[in-house]
Each structure stands twice: as C-alpha cells, then as structure tokens.
There are 2 protein chains.
Amino acid sequence: MSTKYSRQRETLLKVLCSTDCHPDADWIYTEVRKELPNISLGTVYRNLSNMSREGTILKLSMGDGKDHFDGNTTLIHHHMMCRRCGSIIDIFTPDKDEKEFSEYVSSYAQTHTSAIIQEHSVMFYGICSDCNK
Amino acid sequence: MSTKYSRQRETLLKVLCSTDCHPDADWIYTEVRKELPNISLGTVYRNLSNMSREGTILKLSMGDGKDHFDGNTTLIHHHMMCRRCGSIIDIFTPDKDEKEFSEYVSSYAQTHTSAIIQEHSVMFYGICSDCNK
DNA sequence: TCGATAATAGTAATGATTACTGTTATTATA
DNA sequence: TATAATAACAGTAATCATTACTATTATCGA
C-alpha cells in the first residue's frame, strides 16, 4: 500500500505550509477550495490525519474542541493559545536552548515514572500581544 | 447567581475524586448513574464544565478526541498517555522539584515572546508499565 | 411556609470527525 | 502506449462528543 501522489494532498500541504495561523480542518477546507473547488471535506480530514501520523505535519490539541494543524515541522518551536481571542501563536527559541529544554522536560518525567516516556508536548496559555494592547 | 448545592454535583465530584483513571464524561456518567440512575448526561457535562472553569477539577485534552477529567487538584502532578492502551497515568514529582520545573518551563517561554504567559500544560506520551511487560 | 431562582431531566440540536461507496487518478508493468 | 491493480477521491451518511433548550424540581434565604 504505497503512497500515491494526489493534487489534493499537495495543495493542502502547500496551503498549510504557507500560513502560521495553526488552522483547523474547516479553515484549510475553505482555503484549498479556492484552488480545488471540488475537494471534499473528507479528503481534507483523511490527509490531515495521515500526514500528522507520518509526521509530515503537526496536530495540536489545545482544548478548544477541535484540532489545529501546523505545517512547520522543521523548526522546533512551541505554541501559545490566547485566552481572549483563541488564536495560536508560535514561540520560537534558539536551537541550543531548545535542545536543553526538551531534554530537561523529558528527563524530568522519566526519572519519576516506570513508564517509557517517548514524547512530550508543552502548551502555553495566556494573552497574545495583539489582545494586550 | 450564587451556587446552590446539588446532590448530582456532589456525587459526580465524589466519583471523580475516588478514581485515578482520568475518565471522560461518559465513564463518569455511567458510574454516577449507579448511585443516581436518573441523572442526565447534560448535567454531567454542565457540572464538569463549571467545575473545571472554577478550578475544582482539571480538564485534560490529550488529543484523543474527547476530554478527560482529574479530580486531584491539590497535588500538582503530570500526565502521560499510553500510546498502546490509551490510558492516562499520573506522574508525581517531589514538591520542591515541581516548583523549579514549573518556573523553568514558564520562564523559558516568557523570555522568548511578547505575549503574556499565564499557564502551561505539559503532556507526556509513551508506553505505560503495564503495556511494557 | 413561601418566593426567587439555580439546577435538573429529558430531549433536540450542533459541530467535529469518521465511515462508506461508487468513481477517478496514479503508477508499475506488459 | 495500453492495461490492470489499487490508492485516493467526491459526495454523502453516520457517529461521537458536546452544547442548547425547556418545562420541572430542588435549594435556600426571608
């Protein structure tokens, strides 16, 4: 069951990678339809699900009832959800700091449990700079 | 609009606090019905929502499509979801370490963004000790 | 005891996501 | 290039978690 090319998936990925707004499936659906008016919502969901499972994109569950997606997987960074406007913003940190941070967080948990820690995700909540003006 | 007592809420809280399995709304509904057979699912959701907003209980969004709840808010701890069985387990850490950890995580983000960081949640993913046997 | 109203039960509605099915597009191979 | 196998699709129905609505009930202060 090798992966076959599809224009739908290519376009979807292009749309997702050209924004930093961490959209949900419906936003992506709306945007992709501007280029492929007949794409189906199921196709959007299926591709988002497949690509996040494979690690091509990132799925974010921030507790607002729907999943958000991030096309930027090359540059490690964190996310904050604004309590006022609901937007999700990136928090970029220097690579060297990030390595240390990630190591600290995972080993912090690993030293206190007999389970095997494979991954972790850190979510921040607060007020974005736009809402704070 | 002061809060009035209700046996439904009391029972729900008692049920939630007497387990460490981080149940979802439906599990809680099933359990509470053993004591209050006529409680409605809406009442469960409304109370879970109210109590987590007030901080009486904790809502966990771990990315499996539904919310989980934790009645233990007095002892700060972390959570890991098992990739194999889906269960959520607690990771307890010494109080002094926890303070330092929490401070480190939030200041790590705060020094790299102009947004106001208010809270953070750290979720771990891996294989629980039961699944690792 | 009574009145105001918070909370409820029961049900309908919503919103996000998944499943299904017949059709289309991709790709390896003849 | 034609063909055959099948991955992916469009369109739609179904599911699941959650919220909204409404008439009734329970709490609680006066």
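Annotation: salt bridge (Lys or Arg N to Asp or Glu O under 4.0 Å) contacts involving residues 102-128 of chain A, sequence neighbours excluded, comprise Glu119(A)-Arg83(B). Among residues at least two apart or in separate chains, salt bridge (Lys or Arg N to Asp or Glu O under 4.0 Å) pairs with a member in residues 16-30 of chain B are Asp24(B)-Lys66(B).
Atom C1' of nucleotide dG15(C) and atom CG of Asp64(A) are separated by 12 Å, given to the nearest angstrom. Distance, Met51(A) CE to dT17(C) P: 15 Å, rounded to whole Å. Atom OH in Tyr29(B) sits about 11 Å away from atom C1' in dT11(C), given to the nearest Å. Computed from coordinates, the Glu54(B) CD to dA6(C) P distance equals 14 Å when rounded to whole Å.
Considering only side-chain atoms of Lys4(B), the nucleotide from dT27(C), dC28(D), dA8(D) that sits closest is dC28(D). Of the candidates dC28(D), dA8(D), dT26(C), the closest approach to any side-chain atom of Ser6(A) belongs to dA8(D).
Remark: Arg9(B) is in phosphate contact with dA7(C), judged by side-chain N or O atoms under 4.0 Å from OP1 or OP2.
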**Prompt:** Taking protein heavy atoms under 4.0 Å as touching, what does nucleotides 10-20 of chain D look like 5' to 3' if B marks base contact, S marks sugar-phosphate-only contact and - marks none?
**Reply:** BB-----SBB-
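Shown here are the side chain to side chain contact (heavy atoms under 4.5 Å, CB included) partners of Ser49(A), two or more places apart in sequence or in another chain: Arg53(A). Here Thr111(B) pairs with nothing under the side chain to side chain contact (heavy atoms under 4.5 Å, CB included) rule; sequence neighbours left out. Among residues two or more places apart in sequence or in another chain, the side chain to side chain contact (heavy atoms under 4.5 Å, CB included) test is passed with Ile116(B) by Ile127(A), Asn132(A), Gln118(B).
Ring orientation note: the planes of His22(A) and His77(A) are tilted relative to one another, at an angle of 30° to 60°.
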